[in-house]
Amino acid sequence: MRIRQVSCGLEWHTSPDSEVSIAPILRDYLSLDDDYSAIASALEFDDILREGFAEFRGLRILRQEPWECLVSFICSANNNIPRIKKNVNDMASAFGSPIHEGTTGENAFPSAAQLADAGEMRLRELGLGFRAKYVAAAANRVAEGEIDLFSLREASYQDALDALVELKGVGDKIANCVLLFSMDKREAFPVDVWIGRALREWYFSDSEEKVNLNQMRAWAQARFGQYAGYANQYLFHGRRLRGRD
DNA sequence: CTCCAGGTGCCGA
DNA sequence: TCGGCACATGGA
């Protein structure tokens, strides 16, 4: 697929699958059915976010497949984005199945069973580092059916959060990413280093006492409510792209 | 050679 | 609960 944003929407092309067959999948993946104007209206009381909506109108939240999302974010811990991408791609080429059966082209992201079969040592050989242990353990839990990621889409935010942090290597930040990017929990608010900087510089700059990550998440969810995840995306994007200002 | 990267687990106050 | 530190790896 080739895709880009243009002034009036999206311009895209697919091959070998037809645009018609892919359209509903793309619509789902980009969460295009979220009520964007309602979300913008609910968040534009905040001056920073109002600027964000003006400058980055159309920023969307992906609706990823939960297992791929979980593993990708386990790999993100204390890691950099180019290497996270490499880790994910390497897992697919080493252990995934061809997207088009009977071909040797791109592989899909491997299933939990496929990564469980691979095992910690071979994941470590791919360069996952200390995260290999966590990915292997999660693969076993999911493959054995001890945790059902898809069913968490139906669970409440809190129940799904509690279930995810049971997994080793999954703390509050990664769990909130998985909830936001694959489990439809728009109140999720992952606090990483960038969000931490954004909040300290834009909201707590005149505050004396230092707030920890849990306090930041609680503060943001109380302020931004059911669409805190969209607020998170605009703060993250704004802080990374525009910097401090 | 040091520093750092979309954090987390584990340890001791 | 809360802060400090190790953790694998590779690029700057």
Side-chain angles (χ1 to χ4, degrees), chain A residues 52 56 59-91 93-94 109 115 118-142 147 160-183 185-186 188-202 204 207-221 224 228-244:
Chain A
F56 308 122
L59 181 62
R60 293 284 171 167
I61 290 176
L62 294 188
R63 187 169 195 260
Q64 296 179 273
E65 194 284 316
W67 168 245
E68 177 176 353
C69 187
L70 172 65
V71 175
S72 299
F73 277 106
I74 288 176
C75 291
S76 76
N78 199 40
N79 206 351
N80 56 67
I81 292 171
R83 201 155 77 92
I84 297 165
K85 289 183 182 174
K86 180 179 188 303
N87 290 158
V88 172
N89 284 325
D90 287 350
M91 279 187 276
S93 23
F109 188 77
L115 287 187
E120 176 186 341
M121 285 320 294
R122 271 184 288 178
L123 290 169
R124 202 170 273 270
E125 285 164 11
L126 284 188
L128 266 68
F130 62 87
R131 308 160 197 89
K133 171 162 33 104
Y134 301 138
V135 171
N140 286 323
R141 294 281 307 277
V142 171
I147 178 172
L161 175 60
D162 292 342
L164 287 174
V165 297
E166 289 289 310
L167 297 167
K168 292 295 181 189
V170 179
D172 193 80
K173 185 269 174 182
I174 288 177
N176 272 273
C177 285
V178 175
L179 292 167
L180 180 59
F181 299 124
S182 77
M183 292 179 179
K185 305 297 185 287
R186 296 297 183 246
F189 193 91
V191 180
D192 62 17
V193 291
W194 293 98
I195 291 292
R197 285 169 194 154
L199 294 186
R200 276 191 298 276
E201 291 166 12
W202 294 339
F204 306 142
S207 168
E208 293 298 316
E209 71 263 51
K210 49 181 181 179
V211 287
N212 65 35
L213 301 182
N214 264 316
Q215 293 170 319
M216 282 196 250
R217 175 163 76 81
W219 177 88
Q221 289 178 319
F224 301 122
Y230 273 93
N232 185 288
Q233 287 299 276
Y234 274 101
L235 295 175
F236 180 86
H237 195 61
R239 182 59 184 78
R240 290 208 67 181
L241 228 60
R242 286 194 256 106
R244 211 169 309 263

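We use all heavy atoms of the structure for the numbers below, so side chains are in, but hydrogens, waters and symmetry mates are not.
C:dA6 sits 15 Å from B:dT2 when the P atoms are compared, rounded to a whole Å. Nucleotides C:dG11 and B:dT8 are separated by 24 Å at their P atoms, to the nearest Å. Comparing the same atom, P, in B:dC3 and in C:dC5 gives a spacing of 14 Å after rounding to whole Å.
Listed by first then second residue, pairs satisfying salt bridge (charged side-chain N to carboxylate O under 4.0 Å, His left out) with a partner in residues 59-84 of chain A read A:D28-A:R63, A:R63-A:D184, not counting sequence neighbours. Residues in residues 231-240 of chain A take part in these salt bridge (charged side-chain N to carboxylate O under 4.0 Å, His left out) pairs, two or more places apart or across chains: A:E201-A:R239.
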**Message:** Under the criterion side chain to side chain contact (heavy atoms under 4.5 Å, CB included), I'd like the reasoning laid out for A:D192 against A:F236: C-alpha separation, chi angles, the key distance, then a yes or no.
**Reply:** CA-CA 9 Å; A:D192 62 17; A:F236 180 86; 3.2 Å; yes
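With sequence neighbours left out, A:R217 forms a side chain to side chain donor-acceptor pair (under 3.5 Å) with A:Y157, A:D172, A:Q221. With sequence neighbours excluded, no residue satisfies ring pair (Phe, Tyr, Trp, His ring centres under 6.0 Å) with A:F224. With sequence neighbours excluded, the residues that form a side chain to side chain donor-acceptor pair (under 3.5 Å) with A:D90 are A:K86. Under the side chain to side chain donor-acceptor pair (under 3.5 Å) criterion, A:N87 pairs with A:N79, sequence neighbours left out. The ring pair (Phe, Tyr, Trp, His ring centres under 6.0 Å) check on A:F181 picks up A:F73, with sequence neighbours excluded.
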Scan the side chains in residues 160-170 of chain A for donor-acceptor partners under 3.5 Å anywhere in the protein, sequence neighbours excluded, and list what turns up.
residue: A:D162; atom: OD1; partner: A:Q158; partner atom: NE2; Å: 3.0

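Of all the residues in residues 127-139 of chain A, A:F130, A:Y134 reach under 4.0 Å from DNA chain B with at least one non-hydrogen atom. Taken residue by residue, residues 79-86 of chain A places heavy atoms nearer than 4.0 Å to DNA chain B at A:N79, A:N80, A:I81.
Side-chain atoms of A:K173 and A:L213, non-hydrogen and from C-beta on, never get closer than 4.5 Å to each other.
A nucleotide of DNA chain B counts as in contact with chain A when one of its atoms lies under 4.0 Å from a heavy atom; the first and last such, 5' to 3', are B:dA5 to B:dC10. Interface limits on DNA chain C: the 5'-most and 3'-most nucleotides within less than 4.0 Å of chain A heavy atoms are C:dC2 to C:dG10.
Nucleic acid contact for A:I74: none, since no nucleic acid atom lies under 4.0 Å from a heavy atom of the residue.
A distance-only check finds no donor-acceptor pair linking the side chain of A:N176 to the backbone of A:V191 [under 3.5 Å].
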